[in-house]
Amino acid sequence: MWGGRTGALLRASGWWPTGVLGRRLLNCNAASLAGSSSPRCWSCGGLGGPSRGDRFFCPHCRALQPPDPTRDYFSLMDCNRSFRVDTVKLQHRYQQLQRLVHPDFFSQRSQNEKDFSEKHSTIVNEAYKTLLAPLSRGLYLVS
């Protein structure tokens, strides 16, 4: 399911879960999940989601998770929160994120994942455009 180029990108970038691929963790049971306030996967109910590090995918079932509405553009694009931004690094990060969440890669997935992919892609586009232009970057910093 996550083979080929996409799987290689996920493994190389560190977003691929550790352990045996395609299997859930053995120590993850209903009792340990019930007391946690961490976000749960909409697909399998496992712990995970966008607020745990830089993950866009559930570490258990690899389903794309909804975007985190509290995440700012600087953290999404892995930039320092300042007016000076390395535009080459920004462009590379933009391309990296679009390879992960672009809707073209989710055409054979569930409708939820298609919708989440569109939302993620829109947010990544907005973040890139905002941080690339100095005027919009400055206005975003002030707001």
Side-chain angles (χ1 to χ4, degrees), residues 1-28 32-143:
M1 174 166 82
W2 286 97
R5 193 169 125 185
T6 304
L9 285 170
L10 291 171
R11 284 187 292 277
S13 64
W15 288 331
W16 196 267
T18 58
V20 180
L21 300 178
R23 295 191 181 174
R24 295 184 183 169
L25 299 174
L26 295 176
N27 63 353
C28 189
S32 66
L33 293 176
S36 176
S37 63
S38 295
R40 294 177 183 253
C41 173
W42 64 269
S43 181
C44 71
L47 294 177
S51 65
R52 287 190 57 192
D54 198 22
R55 298 186 184 191
F56 290 92
F57 300 93
C58 173
H60 306 289
C61 69
R62 305 300 308 151
L64 183 65
Q65 298 300 297
D68 182 4
T70 62
R71 191 166 191 185
D72 72 333
Y73 290 167
F74 288 98
S75 67
L76 176 66
M77 301 307 281
D78 196 25
C79 294
N80 293 330
R81 188 169 177 80
S82 70
F83 185 73
R84 291 182 158 231
V85 172
D86 182 359
T87 56
V88 173
K89 181 181 173 186
L90 180 68
Q91 183 179 13
H92 288 298
R93 177 67 173 170
Y94 169 74
Q95 292 170 347
Q96 177 187 37
L97 291 175
Q98 284 296 8
R99 282 191 293 264
L100 284 176
V101 299
H102 196 275
D104 288 347
F105 298 119
F106 292 88
S107 62
Q108 301 298 315
R109 304 299 294 260
S110 69
Q111 188 60 44
N112 279 341
E113 285 182 282
K114 289 178 188 178
D115 294 340
F116 294 152
S117 172
E118 288 178 17
K119 290 176 185 176
H120 277 293
S121 186
T122 300
I123 292 170
V124 169
N125 285 334
E126 289 173 2
Y128 178 68
K129 288 178 186 176
T130 300
L131 297 182
L132 187 63
L135 179 61
S136 61
R137 183 183 329 130
L139 291 173
Y140 184 77
L141 272 169
V142 173
S143 65

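All of these numbers come straight from a predicted model, not from anything done at the bench.
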Novice: Quick one: are M77 and L97 in side-chain contact, heavy atoms under 4.5 Å?
Specialist: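 Contact flag for M77/L97 side chains = yes.
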
Novice: Do Q91 and L132 have side-chain heavy atoms sitting under 4.5 Å apart?
Specialist: no

Novice: Without swapping roles, check the side chain of Q65 against the backbone of A63 for a donor-acceptor pair under 3.5 Å.
Specialist: yes

Novice: Go through the structure and list residues passing salt bridge (charged side-chain N to carboxylate O under 4.0 Å, His left out) with D86, not counting sequence neighbours.
Specialist: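 Residues passing salt bridge (charged side-chain N to carboxylate O under 4.0 Å, His left out) with D86: none at all.
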
Novice: Can you tell me how far CG of D115 sits from CD of E118, rounded to the nearest 0.5 angstrom?
Specialist: 6.0 Å

Novice: Would you indicate whether the side-chain heavy atoms of R71 and I123 approach each other to under 4.5 Å?
Specialist: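 No; the side chains remain at least 4.5 Å from each other.
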
Novice: What is the minimum heavy-atom distance between V85 and S82, and which atoms define it?
Specialist: CG2-O, 3.8 Å

Novice: May I ask you to check if R99 and F105 form a cation-pi contact, with NZ or CZ under 6.0 angstrom from the six-membered ring centre and within 45° of the axis?
Specialist: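 That pair does not qualify as a cation-pi contact.
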
Novice: With no hydrogens and no angle check, is any side-chain donor or acceptor of S143 less than 3.5 Å from a backbone partner on Y140?
Specialist: yes

Novice: Just verifying a value: how many Å separate F57 CZ and S43 OG, rounded to the nearest 0.5 Å?
Specialist: 12.5 Å

Novice: Which heavy atom of S121 sits nearest a heavy atom of H102, and at what distance?
Specialist: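 So the two residues come closest at OG-CD2, 4.2 Å.
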
Novice: Rounded to the nearest 0.5 Å, what's the gap from CZ on F56 to CG on L100? Could you check?
Specialist: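 If we round to the nearest 0.5 Å, F56:CZ and L100:CG are 7.0 Å apart.
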
Novice: For the residue pair R62 and R109, what are the closest heavy atoms and their distance?
Specialist: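 Distance-wise, the nearest heavy atoms are O-NH2, 3.8 Å.
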
Novice: Test Y128 against every option in Y94, Y73, F74 by the ring-ring contact (aromatic ring centres under 6.0 Å, His included) rule and name the one that passes.
Specialist: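 Exactly one pass, corresponding to Y94.
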
Novice: Could you tell me if the side chain of P103 sits less than 4.5 Å from the side chain of K114, heavy atoms only?
Specialist: no

Novice: Could you state the interatomic distance from CG (L141) to OG (S136), rounded to the nearest 0.5 Å?
Specialist: 10.0 Å

Novice: Just wondering, more than 12 heavy atoms not from Q111 lying within 6.0 Å of its CD?
Specialist: yes

Novice: With distance as the sole test, does H60 use its side chain to make a donor-acceptor pair with the main-chain N or O of G45 at under 3.5 Å?
Specialist: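 No; zero donor-acceptor contacts below 3.5 Å.
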
Novice: Using 0.5 Å steps for rounding, measure from the OG1 atom of T87 to the CG atom of L131.
Specialist: 11.5 Å

Novice: Has K89 got a side-chain atom pairing as donor or acceptor with D78's backbone, closer than 3.5 angstrom?
Specialist: yes

Novice: Between C41 and C61, is there a side-chain heavy-atom distance shorter than 4.5 Å?
Specialist: yes

Novice: So do E113 and W42 actually touch side chain to side chain, heavy atoms under 4.5 Å?
Specialist: yes

Novice: Just wondering, do R137 and F83 contact through their side chains at under 4.5 Å, heavy atoms?
Specialist: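 They are in contact (side-chain heavy atoms under 4.5 Å apart), so the answer is yes.
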
Novice: Please name the pair of heavy atoms, one in A127 and one in L76, separated by the smallest distance, quoted to 0.1 Å.
Specialist: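 Nearest pair, atom of A127 first, then L76: CB-CD2, 4.0 Å.
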
